[in-house]
Amino acid sequence: MKRTDNCGELRKADDGNKVVLSGWVHKYRNLGGLIFLDLRDRYGITQILFDPNDLPKAAIDIANSCRNEFVVTVSGTVRIKPEPNKNLATGEIEVVADNIIIENESVTPPFNFLNGKSDAKEEVRLQYRYIDLRSDKMTNNLLIRHKICLAARNYLSEKGFIEIETPTLAKSTPEGARDYLVPSRIYPGNFFALPQSPQIYKQLLMVAGQDKYFQIARCYRDEDSRKDRQPEFTQIDIEQSFVTEEDIFSLTEGMFAYIFKQAADIDIKIPFERLTFKSAMDDYGVDKPDLRFGLKLKNISVSAKNSGFSVFANAECVKFIAVEGLENLSRKQMGEYEDYAKHLGGKGLAFTKVIGGKLDGGISKFLSGEEQKIIIDKAELSKDGIIFFAADSEDLANKILGALRNRLGGELKLFDINEYKFCWIVDFPMFEFNPDENRWQTMHHMFTMPKPEYLQDVINEVNLDKILGQLYDLVLNGVELASGSIRIHKSEFQKKIFKILGMTDAEIENKFGFMLNAFKFGAPPHGGIAPGLDRIVSIICGEESIREVIAFPKSKSQNCLMMNAPSEVDKSQLEELFIEIRKK
RNA sequence: GGUCCGGUAGUUCAAUCUGGUUAGAGCACCUGCCUGUCACGCAGGAAGUUGCGAGUUCGAUCCUCGUCCGGACCGCCA
């Protein structure tokens, strides 16, 4: 018996047809005489009926022995059900079986997914991922991921981009994340690095005249995981020659509009809003603001300098957020927010309530009438509420209030989960000073071109903290979705950047000689962007964690719980690689 | 590396704060009954190294310490 249809496609119109279905036993219901099997495959569920009046006992016995997750093939006739099941797409029909074979039995599964998603915790789901992926939810997530990839490929191909693969055995480069290293057998003591991104390869493809490149590329970064980060992840890597920032913006906007429409039938508004890095930090405290709700940060640093409240007067920066309708916050809840602020590095979380247009309680008694007026004016509350203050360094004030803002946005349900608020963050600084290492670092990566008006400052190595780069992030609902820049394409200028970052001539030659050399052979101006696929998929699927949209993700602590990797290897393998393991 | 939360039956949870007889429940599993269920129903049953190791105690699932595993956040992530 070979299947003629899948378990999700039979309808009323198929009434009377002879069919063969194969799939997994989703649920069995033995009524003593009649036996119902819900047969499931990737496409859906179809009810199979075994009627002892029509079937030999042997067939009934087989049906009766079926248990959850047995794999069976059934032949029979499509019939319209007396009462339709509105919960199933195939609910108007059933298949009246005339034969059944068990393709394979199953031991009792460790968990069930009758409601469409697995009813076990993540640890167990990851251990038995091949079962977890049978659920509706995971099947759908994988399908959406596929549609997104397909849409990206089709869109970019249509625009003249071609997909070119680049090596995953690459070279370790300084800066950035920790590399995953792969020992070389042929060159003992030497290592490949798995690429953190195909950055250098794609730039060299531009030198190679390949003009418009993309790749759905796996990237590797050996850093601690988060719910939106794991050591291997996927980027829609894009690079193009002879472009401006504006070209990349419109290409990317078009691509996202196409992806959202094709993969999820969602219409998004383009062009996207744009915010400068500075305004994002000022108003939202983060460089990836969630624009679905207001709750902007307000700055009272200037007036706070003269405050009688020493906590304000002594702080470099005093900012606040004013939240309507939280004036009845319990002491316990307040304590939780305060702990949260402390966890983020703050000394505490000052607050005052706003009742009837006046500050009330909390720190209000330390503030003069004039100060209170300034705060009330800036707060712009239309009803009673509460104000949270952060008085600290500017970085810390932003960090605390930015995080608190996001938390409150979620807790108070200040946004519509079906809304998609994209924005570009532009005018990033090129460099930031690393006080721990006492040197300058690049904000994005080392290959970013400054804005033209700052070229001379770079050459002169002056005002480094003021220099803005031609680099941009794409943010959606508070998630950094993509990052990109216009690149440096001149050898000498690139070398200048390396030097500013503190690299010696020898290091430059050793690490990037090949790249600087390549640029001498007519490198075209170029730029690009790299949207993170996992994050795009997780947002479209409504998932909190990218692990829900990766078929076989690593656990938080970077194990594969299914195969138990990483694991020790044979001594002989290490010997071939001239590697000895040192005791910890 | 740090802070916090969790780990009890196959699984999801309860009991732990306030140590004490036999560690409970839903789903799953097993047996029987049941001819229109569709998360079928009914009756019965089996199922536990309370993650692991030490300590305190007459007595530890419960308190303490260590350790392992999972998760959230900070650091980290050009």
Side-chain angles (χ1 to χ4, degrees), chain A residues 26-39 45-54 60 67-69 79 81-88 90-92 94 96 107-116 118-128 131 173-179 196-197 199-200 219-231 233 336 339-346 396 399-400 403 406-407 428 430-432 434 436 440-448 469 471 480 483 485 497-498 501 530 532 544-545 547 554-559 561 564:
Chain A
H26 190 62
K27 190 76 192 167
Y28 60 93
R29 292 180 291 278
N30 184 341
L31 272 58
L34 297 179
I35 298 169
F36 296 95
L37 292 188
D38 287 345
L39 198 60
I45 291 174
T46 300
Q47 174 169 289
I48 315 292
L49 169 63
F50 296 83
D51 189 333
N53 299 326
D54 305 337
I60 289 291
R67 292 295 179 268
N68 287 347
E69 301 308 308
R79 186 168 81 185
K81 289 178 61 174
E83 288 289 330
N85 180 354
K86 294 195 175 66
N87 299 321
L88 290 182
T90 62
E92 289 185 323
E94 65 193 353
V96 183
V107 296
T108 305
F111 51 83
N112 298 304
F113 38 87
L114 293 175
N115 290 325
S118 304
D119 61 2
K121 38 184 176 235
E122 193 172 6
E123 189 174 355
V124 183
R125 292 174 53 210
L126 288 179
Q127 189 185 343
Y128 297 96
I131 297 174
T173 53
E175 308 263 316
R178 197 175 294 114
D179 283 320
Q196 297 182 25
S197 84
Q199 182 62 35
I200 294 173
C219 308
Y220 305 87
R221 295 178 191 175
D222 186 4
E223 299 292 349
D224 289 356
S225 300
R226 289 286 189 280
K227 60 185 172 188
D228 63 349
R229 248 165 55 189
Q230 68 147 35
F233 61 98
E336 281 176 20
D339 288 344
Y340 187 56
K342 285 179 180 168
H343 178 64
L344 294 168
L396 205 48
K399 182 175 158 190
I400 291 165
N406 283 333
R407 177 172 169 169
F428 276 91
M430 273 278 284
F431 301 100
E432 58 187 343
N434 182 333
D436 295 335
W440 289 93
Q441 292 183 331
T442 44
M443 194 112 170
H444 182 51
H445 59 49
M446 300 174 283
F447 315 114
T448 299
L471 69 122
E480 183 192 315
S483 199
S485 63
I497 299 290
F498 291 148
L501 298 177
E544 281 283 308
S545 163
R547 293 190 295 270
K554 300 287 181 285
S555 77
K556 179 71 192 306
S557 39
Q558 313 201 352
N559 293 320
L561 296 174
N564 195 19

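Predicted model only: the values in this text are computed from it and were never measured. Proteins come first, then strands; the chains are lettered A, B, ... in the order of their sequence lines, and each starts at number 1.
When the salt bridge (Lys or Arg N to Asp or Glu O under 4.0 Å) test is applied to A:R79, the partners found at least two apart in sequence or on another chain are A:E94. Annotation: salt bridge (Lys or Arg N to Asp or Glu O under 4.0 Å) contacts of A:E175 (sequence neighbours excluded): A:R439. With sequence neighbours excluded, no residue forms a salt bridge (Lys or Arg N to Asp or Glu O under 4.0 Å) with A:E480. Considering only residues two or more places apart in sequence or on other chains, A:K81 meets the salt bridge (Lys or Arg N to Asp or Glu O under 4.0 Å) condition with none of them.
In this structure, A:S557 reaches the sugar-phosphate backbone alone: every heavy-atom distance under 4.0 Å involves primed, P, OP1 or OP2 atoms, never a base. Across all strands shown, A:R67 has heavy atoms under 4.0 Å from sugar-phosphate atoms exclusively, and none from any base. Residue A:F233 is classed as having no contact, given no heavy-atom separation below 4.0 Å to the nucleic acid.
Toward the 5′ end of RNA chain B lies the nearest nucleotide of A:S545, the other residue of the pair A:G176 and A:S545 mapping further downstream. Each of A:Q558 and A:D436 was assigned the nucleotide of RNA chain B with the nearest heavy atom; the assignment lying further toward the 5' end belongs to A:Q558.
Put simply, A:N68 has no side-chain N or O that comes within less than 4.0 Å of OP1 or OP2 on B:A28. In this model, the phosphate group of B:C29 is not approached by any side-chain N or O of A:T108 to a distance below 4.0 Å at OP1 or OP2. At B:C77, none of the side-chain N or O atoms of A:Y220 fall inside 4.0 Å of OP1 or OP2 (strictly under the cut-off). Taking side-chain N and O atoms only, A:K556 has no distance below 4.0 Å to OP1 or OP2 of B:C73.
For B:C74, its base never sits under 3.5 Å from the side chain of A:H343 at any donor and acceptor pair. One cannot find a donor-acceptor pair under 3.5 Å joining the base of B:C77 and the side-chain atoms of A:R221. Evaluation of atom-type donor-acceptor distances gives a pair under 3.5 Å for the side chain of A:D224 against the base of B:G75. Side-chain to base pairing of A:R125 with B:G70: no donor and acceptor N or O lie closer than 3.5 Å to each other.
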For every nucleotide of nucleotides 34-39 of chain B, 5' to 3': is a protein heavy atom under 4.0 Å from its base (B), only from its sugar-phosphate (S), or from neither (-)?
BBBBBS
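Scanning all heavy atoms of the two residues, the minimum distance from A:R178 to A:E223 falls at N-OE2, 2.8 Å. Of all the heavy atoms in A:R29 and A:K27, the pair that sits closest is NH1-CG, 3.8 Å.
Classification of the A:F431-A:W440 ring pair by plane angle, with boundaries at 30° and 60°, yields perpendicular.
Comparing B:C38 with B:U31, their C1' atoms sit 24 Å apart, to the nearest whole Å. Going from the P atom of B:A23 to that of B:G51 covers 16 Å, rounded to whole Å. Distance check on atom P: B:G48 versus B:U11 gives 13 Å, rounded to whole Å.
Closest contact between the side chain of A:R547 and the listed nucleotides B:A72, B:C76, B:G70 involves B:A72.
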What pairs of nitrogen or oxygen atoms, one from the protein and one from nucleotides 13-16 of chain B, lie under 3.5 Å apart?
none

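In this structure, A:H26 NE2 and A:T46 OG1 are separated by 11.5 Å, a value rounded to the nearest 0.5 Å.
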